[in-house]
**Student:** 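For reference, the structure I am asking about is given below.
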Amino acid sequence: QVQLVESGGGLVQAGGSLRLSCAASGRIFSSYIMGWFRRAPGKEREFVAAISWIGGRTTYADSVKGRFTVSRDSAKSTVYLQMNSLKPEDTAVYYCAARVGSVYNIWGQGTQVTVSS
């Protein structure tokens, strides 16, 4: 069973940067798609970005395009989310997740990101 552990969250001023990491342990299938999601206070969880283990194909939510970059290091079984030009509305708990089919069914515990104005 794959386990995901996020790290790298924290408090940052608007305009600043953070890099989140998602370390995967266990048997990782090359067909996995790794995603980042977030849940802001009082809001539903939303998709942020995703990357495929094979090929590194990426997708982004419109709200983060041009500011966030998702990448992976297969040798370290780690996925990253580089977040630049952060805004207060990016404040949320960020989750890493994995899927093989159409449903993300493996989730990390989340890491808090707070952007002050």
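For this chain, numbers begin at 1 and follow the sequence in order.
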**Student:** Go through it in stages, so that I can follow the logic: the residues are V70 and V79, the test is side-chain contact (heavy atoms from CB on, under 4.5 Å), and I'd like the CA-CA distance, side-chain angles, deciding distance and then a yes or no.
**Tutor:** CA-CA 7 Å; V70 61; V79 177; 4.0 Å; yes
**Student:** Would you name the heavy atoms of V2 and I106 that are closest together and state the gap between them?
**Tutor:**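 Smallest interatomic distance, heavy atoms only, reads O-CG2, 3.5 Å.
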**Student:** Could you tell me the separation between the NZ atom of K43 and the OG1 atom of T91, rounded to the nearest 0.5 Å?
**Tutor:**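 OG1 of T91 is found 10.0 Å from NZ of K43.
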**Student:** Kindly state each residue pair satisfying ring-ring contact (aromatic ring centres under 6.0 Å, His included) with at least one member in residues 80-99, sequence neighbours excluded.
**Tutor:**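 Sorted result for residues 80-99: empty, none.
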**Student:** Spell out, as yes or no, whether a donor-acceptor pair under 3.5 Å connects the side chain of T58 to the backbone of A50.
**Tutor:**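 Side chain of T58 to backbone of A50: no pair is present.
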**Student:** Kindly say whether G101 contributes a backbone atom to a donor-acceptor pair with the side chain of R99 at under 3.5 angstrom?
**Tutor:**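 Side chain of R99 to backbone of G101, a donor-acceptor pair under 3.5 Å: yes, one is there.
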**Student:** With sequence neighbours left out, what residues match N84 under side-chain hydrogen bond (donor to acceptor under 3.5 Å, both in side chains)?
**Tutor:** S17, Q82
**Student:** Is there a side-chain contact between D90 and V113, using heavy atoms and a 4.5 Å cut-off?
**Tutor:**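 No, side chains not in contact.
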**Student:** Taking the side chain as C-beta and beyond, is there a heavy-atom pair between V115 and K87 under 4.5 Å?
**Tutor:**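 Heavy-atom side-chain distance check fails, nothing below 4.5 Å.
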**Student:** Which pair of heavy atoms, one from G9 and one from T111, lies closest together, and at what distance?
**Tutor:**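 Distance-wise, the nearest heavy atoms are N-OG1, 3.2 Å.
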**Student:** Identify the two heavy atoms, one from L86 and one from L18, that lie closest to each other, and give their separation to 0.1 Å.
**Tutor:** CD1-N, 3.9 Å
**Student:** Counting only N and O atoms by type, is there a donor-acceptor contact under 3.5 Å from the side chain of R67 to the main-chain atoms of S85?
**Tutor:** yes
**Student:** Taking atom CD of Q109 as the centre, does the number of heavy atoms from other residues, nucleotides or ligands within less than 6.0 Å exceed 12?
**Tutor:** yes
**Student:** Give the intermediate values and the outcome of salt bridge (Lys or Arg N to Asp or Glu O under 4.0 Å) for residues K65 and D62.
**Tutor:** CA-CA 5 Å; K65 280 181 181 177; D62 288 343; 3.2 Å; yes
**Student:** Minimum heavy-atom separation for E6 to G110, with atom names?
**Tutor:** OE1-N, 2.9 Å
**Student:** Check ring-ring contact (aromatic ring centres under 6.0 Å, His included) between Y32 and all other residues, then give those that pass, not counting sequence neighbours.
**Tutor:** F29
**Student:** By the ring-ring contact (aromatic ring centres under 6.0 Å, His included) test, which pairs, at least two apart or in different chains, include something from residues 33-79?
**Tutor:**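 ring-ring contact (aromatic ring centres under 6.0 Å, His included) check on residues 33-79 returns F37-F47, F37-Y104, F37-W107.
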**Student:** With sequence neighbours left out, which residue pairs that include part of residues 15-107 fulfil the disulfide (SG to SG under 2.5 Å) condition?
**Tutor:**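 Every pair satisfying disulfide (SG to SG under 2.5 Å) with a residue in residues 15-107: C22-C96.
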**Student:** With sequence neighbours excluded, give me every salt bridge (Lys or Arg N to Asp or Glu O under 4.0 Å) pair touching residues 46-57.
**Tutor:** R38-E46
**Student:** What do the steps show when you test M34 against L4 for side-chain contact (heavy atoms from CB on, under 4.5 Å), and what is the final call?
**Tutor:** CA-CA 10 Å; M34 304 299 296; L4 305 175; 3.8 Å; yes
